[in-house]
Amino acid sequence: MRLTVPFDLDFSLCCGQVFRWQKLDGWWYGVVGDKVLKIRQCGCELEFEGADEGFVRYYFRLDDDLAEIGRCVDRDSYIHTALKQYAGLRLVRQEPWNCLVGFICSIQKNIPAIENMLQQMSSLFGVEREFDGKAFHLFPTAEQLALASEIGLRKCSLGFRAKYVKATAQKIVDENFDLNSLRQLPYLEARSKLLEFMGVGLKVADCVLLFSLDKTEAFPVDVWVKRVILNHYSDKLSSELVKRLQSRQTLTNKEYLKIGDFARGYFGQYAGYAQEYLYHYERTQR
DNA sequence: TCCTAGCCTTTACC
DNA sequence: AGGTAAAGGCTAG
C-alpha cells in the first residue's frame, strides 16, 4: 500500500498509546480485536498481512488530516519542536474494551509493567491464535474477564487493579454495555458514562476517549504532561494553580479539570493530539 | 457538596 | 540492597 499522507509507524507505535505491539525482525506484530497482524514501513510503502487496507486505514487513522491538525495545535515554539521531531506520529484508533482495561492497568504503573499485565491476561484468559508460525493470544473479552476470579487476575500482576478490572468486566456484561456507542455522545457525556466504571477516574477516562473513541479534545494529564505544563506552560495558568501543582504530587479532580480546560482553550479541538506529541517529546528528552 | 490524606500492589530502574 | 517513581482511583472523615 502506497502512502499518500504523512505517517510514521514507529513513532505511532512507540509513543506509549498502545501496549500490545512488538517488533520482531523488522516487522511490528500486534493483536487488534480478533485479528493478528504484522506491518512494516519503508518510506512511503506500508506492507502488512492479517488485515485489509480499509482496516489499516481505520486503525492508524490515516484519514486524519495531520497537516491541518498540526496547524491547529502549533501555538508556540515548544510544541512546534515536538511536532517537528515526531512528524508523522498519529493517534491509533484502539478497540475500546482493550483500551479501557489497558488504562485501568496503567494506574501507578510504567509502560513495561502495563505491557506485562496485558500479556499475562491475554495468555491466561484469551483465545490462542497462530499467525506467521508464532502463537498469539487475543485480548480476553469482557465475558471472559467477568468469569475470571480476582485471584486469577492478581496472578497477572494486577495487584489492587484486579478488583477494578473484574468489576468493569462484570458491569459490561450485566448491562450489555456497548462501549462503541459512546462514540456517538459528546465528549462530556461520554466521559461521565466512563466514570461510572470502577477504577476509572478522569485520567483513565480521557485516555479511553482519546485513544479509542475519537474524542480528540480529551487531554489526559499524567505525571509527564504535568511536567510539561509546569516547565513550559506555567505562565499561561494562574500562579495559584501553579503553586499547587508544584507542591503536591497528585492532582485533585478540580486541578485536573482546570488543566484540561486550559488545554482545550489553548490547543483547540485537537488538544489530544497536542498531548500525545508533548507527552512523547517530554519522555524522550533525557 | 467538596476536599484531603491515606491506602492500595507490583515492577522497573537507579 | 534498598529506595523511588510509575500514563491514579477509592474511601473515610
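What's counted below: heavy atoms across the whole structure, side chains too, no hydrogens, waters or symmetry copies. Note on naming: letters A, B, ... go to the chains in the order of the sequence lines (proteins, then strands), and numbering restarts at 1 for each one. Since the model is a prediction, treat every value here as computed from it, not as a measurement.
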Visitor: Only counting residues at least two apart or in another chain, list the ones meeting salt bridge (charged side-chain N to carboxylate O under 4.0 Å, His left out) with A:Arg2.
Guide: A:Glu45

Visitor: Expected output is a numbered-order residue list: members of residues 105-117 of chain A with a heavy atom under 4.0 Å from any atom of DNA chain C. What is it?
Guide: A:Ser106, A:Ile107, A:Gln108, A:Lys109, A:Asn110, A:Ile111

Visitor: Which residues in residues 209-223 of chain A have at least one heavy atom lying under 4.0 Å from any atom of DNA chain C?
Guide: A:Phe211, A:Asp222, A:Val223

Visitor: Checking A:Lys171 against A:Phe197: charged group under 6.0 Å from the ring centre and within 45 degrees of the axis?
Guide: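 Yes, a cation-pi geometry holds between A:Lys171 and A:Phe197.
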
Visitor: Check ring-ring contact (aromatic ring centres under 6.0 Å, His included) between A:Tyr29 and all other residues, then give those that pass, not counting sequence neighbours.
Guide: A:Phe136

Visitor: So that I can compare with my own list, what are the stems of DNA chain B, taken as at least three consecutive Watson-Crick or G-U pairs with distances under 3.5 Å?
Guide: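 Detected stem regions: B:3-8 with C:8-13, B:10-14 with C:2-6.
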
Visitor: Could you list the donor-acceptor pairs under 3.5 angstrom formed between side-chain atoms of residues 109-118 of chain A and any protein atom two or more places apart in sequence or on another chain?
Guide:
residue: A:Asn110; atom: OD1; partner: A:Ala113; partner atom: N; Å: 3.3
residue: A:Asn116; atom: OD1; partner: A:Gln120; partner atom: NE2; Å: 3.3

Visitor: Show me the pairs that pass salt bridge (charged side-chain N to carboxylate O under 4.0 Å, His left out) and involve residues 257-278 of chain A, at least two apart or across chains.
Guide: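 Matches after skipping sequence neighbours: A:Asp261-A:Arg264.
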
Visitor: Taking only residues two or more places apart in sequence, or in another chain, which ones meet A:Phe11 in a side chain to side chain contact (heavy atoms under 4.5 Å, CB included)?
Guide: A:Asp8, A:Tyr86, A:Leu89

Visitor: Salt bridge between A:Asp10 and A:Lys23, side-chain N to carboxylate O under 4.0 Å?
Guide: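 Salt bridge between A:Asp10 and A:Lys23, a charged N being under 4.0 Å from a carboxylate O: yes.
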
Visitor: Using atom C1' of each nucleotide, how far apart are C:dA7 and B:dA5 to the nearest Å?
Guide: 23 Å

Visitor: Check every nucleotide of DNA chain B for an atom under 4.0 Å from a heavy-atom of chain A, then give the first and the last such nucleotide from 5' to 3'.
Guide: B:dC3 to B:dA12

Visitor: Which nucleotide in the list C:dA5, C:dA7, C:dG8 gets nearest to the side chain of A:Arg227?
Guide: C:dA5

Visitor: Quick one: salt bridge (charged side-chain N to carboxylate O under 4.0 Å, His left out) pairs with a partner in residues 67-89 of chain A, sequence neighbours left out?
Guide: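 Found A:Glu68-A:Arg71.
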
Visitor: Please list, for nucleotides 10-13 of chain C, all pairs of protein and nucleotide N/O atoms separated by less than 3.5 Å.
Guide:
residue: C:dC10; atom: OP1; partner: A:Gly199; partner atom: N; Å: 2.9

Visitor: With the threshold set at under 4.0 Å for non-hydrogen atoms, list the residues of residues 146-158 of chain A touching DNA chain B in residue-number order.
Guide: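 DNA chain B contact set from residues 146-158 of chain A: A:Arg154, A:Ser157.
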
